[in-house]
Structures are given as structure tokens and as C-alpha cells.
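Below is one structure, written out as C-alpha cells, with a few remarks after it.
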Amino acid sequence: MSAVKLAEGLYSVGILNPGLRVFDIVMSTEYGTTYNSFLLKGKEKTVLIECSHLSFFDRYVENIREVCDPSAIDIMILNHTEPDHTGAVARLLELNPNMEIYCSQAASIYIRNITNRADLKLHVVKDGETLDIGGRTLEFRMAPFLHWPDSMFTWLREDQVLFSCDFLGAHYCEPYTWDYNITKPEAYEAAFKGYYDAIFGPFPTYVQKGLDKIADLDIKMVCNSHGPVLTKGCRLEYTKEMYAQWSAPRKNAVPVIPVFYCSAYGNTRRLAERICAGIKKAVPSAETATYDIIKHPMTELAALLNSCDGFAIGSPTLNRDAVPPVWILLSHVDAINSAKRPALIFGSYGWSGEAAANIKARLEGLKMSVFEEPFRVTFVPTEEDYQKAEELGQRFAASFAG
Ligand code: FEO
């Protein structure tokens, strides 16, 4: 993509990456992404807002040169320092070491370690601080945890443009810049929702605060850092509304208590079934069922794991550990919002039975509320073991949902 003029003196100079299929190791990006960056000219100063991914540096500099020489940039504003937006900062500074970097306090620490340069000209901005670049005023609004501690918004008052970095974006790539030019709206919709779930889903209260932070602004254009520019009357209002809905506090109508397990010979499965029966006996209104982890899509199980009121998880012991599907499921725990979530651990084992203790250590590390001691049975459970499993399920459910 070449530089695109968005308004008088405002240009998009970012990068398209249509071939990206995985972002940040774990996030599927079926429709690619963009690394948006913007050049803004005032009468006195020229400002770059967001930088770019290091992999595309040469193309990125070409885009900048279509508007101005990099040496003409006075200030670089970094609303967030994840390396998809800052990977190219160090090399850009080689072309122009005089650029002053405007960013939050947290970002000022991160960007030092990202660039490994001791000569950064850093200006830490305060919430509400303004910058006059000559006929144009930029206002900085702190927006922490959207989605890093360093995040902030930049508001261009005269032009009514919000630079929101990741907030309100989407991993979606088309070469047409604007929301009203999207050629595959259904694909964009899927990318927009998937992006929200992965990046902002863990931070609903901060999303609400972020929306409050811009509620007084009559925004004409959102220049985010991924996907199309959003415009008033097209997708801008809808995007904000969806963020408001998705981040609204919600409570399950009835207690949701899934029982996850893996089982090689049916012993841990049968324990799961009796624990589930005990849960139902103690709290008849509870929505509870057993889930063989290898027989369900992991994304569905992960969503259930992160939205339930409490859960049980069982594993046999293999190679002195819980089995890999159990760890994969637990790797999806939303570490921000899972503290104090009740969890019950169980499993049948043959020789040594380390699975339960290893799961317990993991869940306690996530600050979950592990119920009693893990329930372990050697090889095939007896009728007495099944009875104990059911009673355990009853006590577990009664402890937080009764
Ligand atoms: Fe697009 Fe959090 O970086």
C-alpha cells in the first residue's frame, strides 16, 4: 500500500499484511491484518502516530517518504508499544534520531527495552495533556489495559479524529482503507468479533472505561491500528455499540458448572459422571454436564471454562503429569478474570498419580479457589469411590452455588 490521504495534512502510511494467518503465536488471523500508522502535519510540527512492524520496514519508510522525508518528523506518538507497532522504532530512529517520542509512563519503560537505545528523547504525557503542532491540537487520554498497561488514546480536536491504537480495530486486510469500502462485510464482521474476543475480552471493565473516556467526543473518524479506518455514519457507531454490549457485566442465569476430563480407560470418565450427578443433586438448577476434552472443539471448551461459575477437571496420570489436552485447555484460562473461580480436581491413576498435584499447582498459580484436596483413585474406582465422588460433587456445588 502507498500513502493514502485521509484529510488535509493527514495520511495513512501503514502496512498491509494480507498473508498473516497467526498473530501473537495463538490468534488466528484468517483475513490477514494491517499495521496502521499515520502522518499528521501541523503548521509547526510533523507528527507520526504509531510506528510499524519491523518486518516491513523498507516498505514502511517508502510510504512515509511519499509524504515527507523521515528526517522531517518532529514527534512520534506511541499510543501502545506492542512490537507490531513499535518493532520498527529503533530503525526509524537511525534515520531520524531527533524524533521526540510521546507516550504514557508505562510505555516509556517498555520502549526503552524494545529499542535498547539509551538516547531516546522521551516525553511522558499526562492524562488530558495537549500538544499544539500549529493549528492542530492533540489531546492525550490514558486508557490503561486496552490492552496493555501502556495504552492511551490521542484525539485530534480540530479534525475530530481519534487515534485509538488497538481499540476498535480488527485483524482484517483490504487495500481500500475506509470502512465504507469493505468488500467482504461478513468476513470483516467475523474478524472484528474474533479480535475483540481475543484482545479485549479479558478486559471488559477497562473496555467500559475506555468507552466512557471517549463518550464526550463527537468523533468523525477513528484511525485505529489494525483494519479499516472507521467513519461516522458507517461503522463507527456500530463498533462502539458492539464494544459496549460485549463488555457489559453479565451473570449466568443459573449456575454453570462443567466437568471437564480426559480418560484412557473410562475410570476418570466415570468419576466425572458421578461428580456431575452430585452437582446436579446439590443444585438442581445448575447447568452441568461432562465434557471429554478430546471430543469437543477447544475454542468452545475454553469459552465455557471462562464463563462458568466453577468447574471440575479430571485427568489420568501419564508420564508423571496430567495429559496434554488438559494442559491445552488450562492454557486458555483467562488469567485476568479467573481469580477465585472455584475448581475441583480429580482423576484415576495407576502408579504415581502426579496429575492432580500438578493441576492444583497450576490453578493455584492462577489464583483460583481449589476445592478441598484433589480426589484421586488408584486404577478402577470401587462403588465406595463412586459414592465419594458424588458426595464431593455435592459439597463442591453447595460451596458456591447452593
Ligand atoms: Fe496491535 Fe497490542 O498490538
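Indexing begins at 1, ligand by ligand and atom by atom, following the structure's order.
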Paired with His80, the ring-ring contact (aromatic ring centres under 6.0 Å, His included) test is passed by just one of Phe153, Phe163, Trp148, Phe145, namely Trp148
Partner of Tyr243 under ring-ring contact (aromatic ring centres under 6.0 Å, His included), picked from Phe167, Tyr195, Tyr206, Phe203, is Phe167
#### Entry: Pairs touching residues 252-269 that satisfy salt bridge (Lys or Arg N to Asp or Glu O under 4.0 Å), sequence neighbours left out
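As it turns out, the salt bridge (Lys or Arg N to Asp or Glu O under 4.0 Å) pairs with a partner in residues 252-269, which skip direct neighbours, are Arg269-Glu273.
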Problem set entry | Side chain Glu158, main chain Thr137, donor-acceptor under 3.5 Å | yes
Sorted by chain and residue number, the side chain to side chain contact (heavy atoms under 4.5 Å, CB included) partners of Val124 (sequence neighbours excluded) come out as Gln105, Ser108
Ignoring waters, protein N/O/S atoms under 2.8 Å from atom 2 (Fe) of ligand 1 are His80 NE2, Glu82 OE1, His147 NE2, Asp166 OD2
Got a sec, which residues hit ring pair (Phe, Tyr, Trp, His ring centres under 6.0 Å) with His123, two or more places apart in sequence or on another chain?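 Applying ring pair (Phe, Tyr, Trp, His ring centres under 6.0 Å) to His123 gives Tyr102.
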